[in-house]
Amino acid sequence: MQVLNHFLALRWPPRGAASPARPEGARFDVRLLAMLGVLAVIWIAFDLLTGGLFLSSRNLFNLSLQVSVVGIMAAGMILVIVARHIDLSVGSQVGFLGVLGALVQTAWLAPGNPHAWWLSSAVMLAAGVGIGALQGALVAYAGIPSFVVTLGGLLFLRNAAYQLNSGATIAPLDGTFQMLGGGPNGAIGGAASWALAGATLIVLVSTALRSRRRKQRYGVAQAHPAIEASILACWAAAIVLFVIAMNGYARPSTNEAMGIPVPVLVLIAVTLAISAVAQRHRFGRHVFAVGGDPQSAQLAGIDTRWVVMRVFMLMGLLCGLASIVLTARLNAAASGSGTMMELYVIAAAVIGGTSLAGGAGTILGGTVGALVMQSLQGGMVLLGVPSPIQSMVLAGVLVVAVWLDTLWRGRAK
Amino acid sequence: MDLQTIWARIGSAIFSAGLAFAGPNAATAASSETVVGVSWRYFQDERWKIDEAAMKTVLKTAGLTYVGIDAQGDPQKQIADVEGLIARGAKVLIILAQDAKAILPVIERAKAEHIPVIAYDAPIDIAGVLYTSFDNVAVGRVMATALVKAVPKGNWVQMEGDPAQTILQVFKAGQMEVLQPLIDKGDIKIVARQNVEQWKPDVAQSLMDQVLTANNNKVDAVLAMNDSISNGVAASLAGQALLGRVALSGQDGDAAVLNRIAKGQQTMTVWKDAQALGTVAAKAAVEMVRGTPIDKVGSARMLKTASGFAQPSIVLTPVAITRDNLDLVVDSGWISKAALCKGVAANGPAACR
C-alpha cells in the first residue's frame, strides 16, 4: 500500500535529485493538479448548461462506466509509450478477445454452464497475454519497430475477429458474465460501497501516519502536518463524494442504491496496481529507465528486451480486462467492437501528460485524461450537440492539451 | 480527417505490395467455358456469401462459370481485378463497386469490348450499365413505417450511422418521408438525434445512456439505423429496464436482432433478401450472355444515377421483419428456427411455435 503515499503526495516521477531543498511530500504534481482543475471547470460548466443534469448521480454513474474501458487500457498504454513504443493493436485486441470469449460461452460450453463467466474471462485474459507476448517478442527480440508490429496486429486481429464467427454478432451472453459490465446487476450495492470506502479511508490514514513516523525516526524532512492533513482530507472527501454519487443512483424502477459498478472497481484496482508497479516495483523502474535512456539502461545491466516484452504482455492483459468489461456491458460480442479505440487510448495517455518521446508519464494522469475526454463527450450528448461537432471539439482539446504540455515542459527545463 | 480511411489505405498498401491475393473461389476458367466475372468490393461481410451462393446456383443451372474476386475495399485493386476478369474472357461482369466513380475507367474499357456490366447492390455512375439493388430510400421508409405503427405518438430518438457515409442521407430521406408529416402535426417529437461513429454498438450504447439521462427515460421509440446500432441501444435500454417497452428498429436481419424480435425485445429490422438480389443479378447475366440487350433484361425500368445518367434498373423492395412475419426469414433459410427462437418464452411468436 506504499503507493498510496505517492497518491497522497500527488507526484510522479520522483524528482528527488532535482530539488533537494524541498521536503518530501510537499512537491505536488502541479500538472496533475492543473488537469483536475480543468476537469472541475468542465464539470461545473456542463452542470450549469444542463440545468444540474451533468452532476446528477445518474450521469456520474454513466460517466464512470463509460470511462472504465479506455481508462483500463490507458494504464498499459502509458507504460508502452514510456518505454518508447506504441501499441496500435489495442482496439483490435478488444474486438478479437470479445468474440473469442463469447464463443467460449456460446459455442464451446453448454448454455447455462455455471462456470462460463470465469472460464471465458480466463481465456480472454490468457489470450490477451499471449498476443502481447507475440507482439512484444517481435518488437524486442526480432527488432521490428513496434509501430509496424502493432499496425500488423491491428489489421490481423480485426480480421481474425471477423473470421472467428464470420462477422456475426454473438448475443446475448452469460448472465453472471454480464455483471462484470456494470449492468443493472453489475454494481456492488450501497452498503458494500460504504464498507469499501471506510476500509480505504482507514488504510489511507494509517499509511500516512506510519509514513510520518518512519520519516521522523530516520530524520527525513517532512511536509508540514497541515499540508499533509489537507491533502488527506481532499482524498477522503473525493472518496466520500464518489460513493454518495454512486449510491445516489437507484437501480431502475426500485429504490435500492446501485453503488460502485464492477468495471469502475476494476479501473480503480488497475490504476492502483499499475501505479504501484510503475513507482515501487523494479519492473516499473526499469520501464522508466529504458524509456528515459535505453543505452544507459542496458549499460546499467537492465535486460531491456525482456522489459519491453513484458510491457506488451501487460498491455495484452489489460486489453483482455477491457474487453471483458466492454463485451459484458454491451451484452454482445461484435467483431467491430473497439474500432479506433487505440486512438482514444493514446489520446487519454497523451492528454494525461505522457510524453510521446518516452520516459515520462503517470498512470493517474491517463485516467484523468480519459475522464476529461469522456466528460466532454458525454456532456455534449446531454446538450444535444451533433456528433461531428463532438469529434471536432475532442480533436481540438487533444492538440491544445499537448501544446500546453509542451509549453509546460519547456518552462520546467 | 478520417483516420479509419488512412489506416485502411496503409493496410491495403501493405497487402497489395506484399501479396497477390486471389479472391474467394477464384477458379481458373478453361477456355471452353462461358465465364461470368464477379468483382466484390469487400467480401468480409456475412451477407455476400449468401449473394454468391445464389449467383452460383443460377449460373450453374444455365451452364455458365462463376469467377469471383475480392477487391478488399481498395478501389485501385478493384480496377485491376476487373481488368483481370476481362482478360480472362468474361462475357458479363457483375460489379459491386467500392466507389461509384473511381471504377469508371475500367467500365469504359468493358464497354469498348462490348462486355455488358451489371452494377450490383451499389451504384456505378455511368450510362449503359444495368443496376440491380435494393431501394435504399425504401429501407428508411419501411423502417419508419413499422415503428410508427408501433408508436404513432410520442418521443422519438434518431440514432443514425457514421456521418462520413453518404448512404446515411438516403436512408434518412426515406425515414423523413414518413416522419416529417407526423412531426409537423406534433404527434412525434424528436428528442435526440445522434450519429454513431463507424456504426459501432459500444458507441451507440454510451450515446443512448446519455440520451436516456437527458430525457429522464421519457423515450417511446428509437429509430436505430442498423442492427449494430440497435445492439448498443438494446443494451442501454436493458440497463434501465426499458428493453421491450421502447420501440426499436434495425436493419440487416442479424441473428441476435431476429432473436430479440422473437423475444419481444425489439420491434423490427429491415431485411434485404440477399438471395433474391443474387438470383436477380445472375438471371440478368444469363439473359445477357444469350444476347438480350441490357435495357430489355428482366423487369428493368429506367432510373437516373446520382449524376443524372439514365440507367436500366432492377430495384427490389426491402421487407420489414416484425414479430408477425418472422417465418419469412426461417423459410428462406436465412436463420435456423433454433437460433431464432433461443430463449423465447411459451407465448412466443407464430414462427417459434
Side-chain angles (χ1 to χ4, degrees), chain A residues 50 53-54 56 58-59 61-62 65-66 69 88 94 111 148 151-152 154-155 159 162-163 165-172 178 181-184 186 251-254 326-327 329-332 334-341 343 374 377-384 386-388 390-391 395, chain B residues 1 3-4 7-8 10-12 14-15 44-49 160 162-164 191-217 227-228 231-232 234-236 238-242 252 254-257 259-260 263 265 342-343:
Chain A
T50 56
L53 202 54
F54 189 85
S56 65
R58 176 167 175 181
N59 189 56
F61 189 89
N62 285 350
L65 266 180
Q66 289 161 1
V69 171
L88 300 174
V94 164
V148 175
L151 181 61
L154 180 151
L155 293 164
N159 289 287
Y162 174 91
Q163 211 60 35
N165 198 40
S166 309
T169 299
I170 306 167
Q178 280 181 47
R251 204 179 299 267
S253 49
T254 65
L326 184 143
T327 312
R329 181 161 130 74
L330 192 58
N331 188 20
S335 64
S337 286
T339 307
M340 297 242 294
M341 202 169 266
L343 299 178
Q374 195 59 52
Q377 191 149 31
M380 286 191 284
V381 180
L382 286 184
L383 287 174
S387 346
Q390 292 171 22
S391 302
Chain B
M1 178 195 64
L3 276 161
Q4 182 71 18
W7 293 134
I10 297 172
S12 61
I14 289 171
F15 273 126
Q44 274 213 8
D45 279 314
E46 204 179 356
R47 67 160 280 194
W48 306 123
K49 290 183 184 118
E160 300 172 358
D162 194 295
V191 293
R193 177 178 295 139
Q194 288 291 330
N195 287 96
V196 181
E197 181 198 349
Q198 303 276 331
W199 310 74
K200 278 185 294 179
D202 43 334
V203 173
Q205 182 179 16
S206 291
L207 288 173
M208 196 63 211
D209 282 351
Q210 295 307 99
V211 167
L212 287 172
T213 304
N215 291 285
N216 198 18
N217 287 359
D227 282 348
S228 173
N231 281 331
S236 175
Q240 295 299 318
L242 290 174
D252 291 339
D254 281 5
V257 172
N259 178 242
R260 272 208 301 274
K263 284 177 180 164
Q265 296 173 340
K342 198 174 165 192

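The chains referred to below are lettered A, B, ... by the order of the sequence lines, with proteins before strands, and numbering in each begins at 1. Computed from a predicted structure; not experimentally measured.
- Listed here is the closest heavy atom pair of A:Ala171 and B:Ala256: CB-CB, 3.9 Å.
- Residue contact with chain A, scored on non-hydrogen atoms closer than 4.5 Å, involves the backbone and the side chain of B:Leu212 alike.
- Side-chain contact between B:Val203 and A:Met340 is absent, with no heavy atoms from C-beta onward closer than 4.5 Å.
- Only the backbone of B:Ala238 comes within contact range of chain A, judged by heavy atoms closer than 4.5 Å.
- Nearest approach of B:Thr213 to A:Asn62, heavy atoms of both residues: OG1-ND2, 2.7 Å.
- Note: B:Asp254 CG to A:Ile170 CD1 = 12.0 Å, rounded to the nearest 0.5 Å.
- Side-chain contact between A:Pro172 and B:Asn259: present, with at least one pair of heavy atoms (C-beta onward) separated by less than 4.5 Å.
- Heavy atoms closer than 4.5 Å to chain A are found in the side chain of B:Glu197, but not in its backbone.
- Interatomic distance, B:Gln198 CD to A:Met341 CE, rounded to the nearest 0.5 Å: 12.0 Å.
- Interface check for chain A: of the options B:Leu242, B:Asp202, B:Asn216, the most heavy-atom pairs under 4.5 Å are formed by B:Asp202.
- Counting only heavy atoms from C-beta outward, the side chains of B:Ser206 and A:Gln377 never approach each other to under 4.5 Å.
- B:Gln205 places a side-chain N or O within donor-acceptor distance of the main-chain N or O of A:Arg329, the cut-off being under 3.5 Å.
- Taking all atoms of both residues into account, the shortest heavy-atom contact from B:Asn195 to A:Pro388 is OD1-CD, 4.2 Å.
- For B:Ala192, no part lies under 4.5 angstrom from a heavy atom of chain A.
- For the residue pair B:Gln210 and A:Gly378, the shortest heavy atom distance occurs at NE2-O, 3.1 Å.
- Interface remark: B:Asp227 contributes no atoms to any contact with chain A (heavy atom separation under 4.5 Å).
- Distance CG/B:Leu207 to CD/A:Gln390: 6.5 Å, rounded to 0.5 Å.
- Proximity to chain B involves both the backbone and the side chain of A:Leu382, based on heavy atoms less than 4.5 angstrom apart.
- Scanning both residues, A:Ser337 and B:Pro201, for their nearest heavy atoms gives OG-CG, 4.3 Å.
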